[in-house]
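Read through the structure below, which is laid out as structure tokens, and then see the notes.
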Amino acid sequence: MIQIKTDDEIVLMRAAGLVVGRTLEALAAAVAPGVTTGELDALAESTIRSAGAVPSFLGYRPHPSIPPFPGSICASVNDEIVHGIPGQRVLRDGDIVSIDCGAILAGWHGDAAVTVGVGTVSEMARELMRVTETSMWHGLAAARLGGRLTDISHAVESYARSQGDYGVVEEYGGHGIGTEMHQEPHLLNYGRPGRGPTLRKGLALAVEPMLTTGSRHTQELDDGWTVSTVDGGLSAHFEHTVAVTERGPWVLTALDGGAQRLAALGVTAAT
Ligand code: MG
Ligand code: MG
């Protein structure tokens, strides 16, 4: 079932989204050679809790067969795509780290992710990050009233394919979000436009492409969580939570509501 939010509920989701956006801003600034992913996790938890919110990833367990997630962020390094467990791993110059973060405030969820270069990264890694982030913004720009869900999927994939021979991960994708982190509908990062549910006012979605420099295929590691590329290729992951409004997409986890990046694509963001 798709949860449609009232205007007041979207405002509550914006507050949760800002907690996530500000936390990711702090985390991105803290990324440096020598920092561990566990230190980033501790910073995330303290930042989220000091805003009066709760880290939604901590203890998250989608199924009883899976161990509860032990961190407040997912930290996925280099060939790791998503769901990396933060811990003792030391970030090194030239690494890229994808940080995924979620928070609950007053019962409403925000969910966003960034990939950050550690020190000086290769041209290939920088391009991967740029293309992945921009593909996300193309998807967000397609979150317009009266459109269809797969307009977003198509926008993400089309941009990614236009930029080079990137792998577009298919096993994981975006999702509805509201009083739960993961809600219907599932949002693919590829496919034909004009299909799926109509984009209605009050729908909120997490748009989150994952691209790779090699094969799009994924494998799950023995820790029960971490997902990596099968061929050792690099992966980047960007995510924002967006609400469909009468005034345009409102990017709830972006500090400016998405105004600047959407304007660059010719779309006016709601704020
Ligand atoms: Mg996320
Ligand atoms: Mg998500």
Side-chain angles (χ1 to χ4, degrees), residues 2-3 5 13-14 16-28 37 40-41 44-45 47-48 53-63 66 68-77 80-86 96-105 108-116 129 132-133 135-137 139-140 143 149 152-153 156 168-190 203-211 218 220 225-228 235-244 249 251-254 258:
I2 293 175
Q3 184 181 47
K5 290 79 172 173
M13 287 189 69
R14 170 60 167 165
L18 280 175
V19 172
V20 174
R22 289 175 184 140
T23 301
L24 283 174
E25 186 180 54
L27 293 174
T37 55
L40 296 176
D41 182 56
E45 181 170 4
T47 306
I48 291 168
V54 175
S56 46
F57 292 10
L58 193 59
Y60 183 71
R61 192 174 209 179
H63 190 270
I66 299 169
F69 192 77
S72 294
I73 56 168
C74 298
S76 308
V77 182
E80 297 171 353
I81 303 168
V82 285
H83 305 166
I85 298 173
I96 61 172
V97 57
S98 299
I99 305 169
D100 196 342
C101 178
I104 312 165
L105 184 66
W108 295 92
H109 286 252
D111 186 10
V114 293
T115 302
V116 182
M129 292 189 286
T132 309
E133 183 173 20
S135 73
M136 172 193 68
W137 282 106
L140 294 164
L149 184 71
I152 299 171
S153 315
V156 167
V168 179
V169 171
E170 296 187 359
E171 288 85 350
Y172 305 88
H175 49 91
I177 180 169
T179 52
E180 301 291 334
M181 178 162 58
H182 293 130
Q183 297 184 327
E184 291 297 311
H186 182 64
L187 172 58
L188 299 173
N189 286 313
Y190 62 95
L203 178 64
L205 296 165
V207 177
E208 49 178 317
M210 288 142 261
L211 302 186
T218 68
E220 193 178 288
W225 278 103
T226 311
V227 176
S228 74
S235 178
H237 175 215
F238 282 83
E239 176 179 25
H240 270 308
T241 297
V242 64
V244 177
V251 185
L252 303 174
T253 46

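Order of appearance sets the numbers: ligands from 1, and atoms from 1 within every ligand.
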Nearest heavy-atom approach of Ala16 to His109 is CB-C, 4.0 Å

Looking at every non-hydrogen atom in both residues, tell me the closest pair between Ile48 and Gly102 and how far apart they are.
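Heavy atoms only, the tightest pair is CD1-O, 3.9 Å.
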
Keeping Thr115 on the side-chain end and Met129 on the backbone end, is there a donor-acceptor pair under 3.5 Å?
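Side chain of Thr115 to backbone of Met129: no pair is present.
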
Parallel, tilted or perpendicular for His83 and Trp225, by the 30°/60° rule?
perpendicular

When you check the space around the Mg ion (ligand 2), which protein N, O or S atoms turn up under 2.8 Å?
Asp111 OD2, His175 NE2, Glu208 OE2, Glu239 OE2

Does some side-chain heavy atom of Arg14 sit less than 4.5 Å from a side-chain heavy atom of Trp108?
no

Ile177 vs His175, side-chain contact (heavy atoms from CB on, under 4.5 Å): CA-CA, chis, key distance, verdict:
CA-CA 6 Å; Ile177 180 169; His175 49 91; 4.3 Å; yes

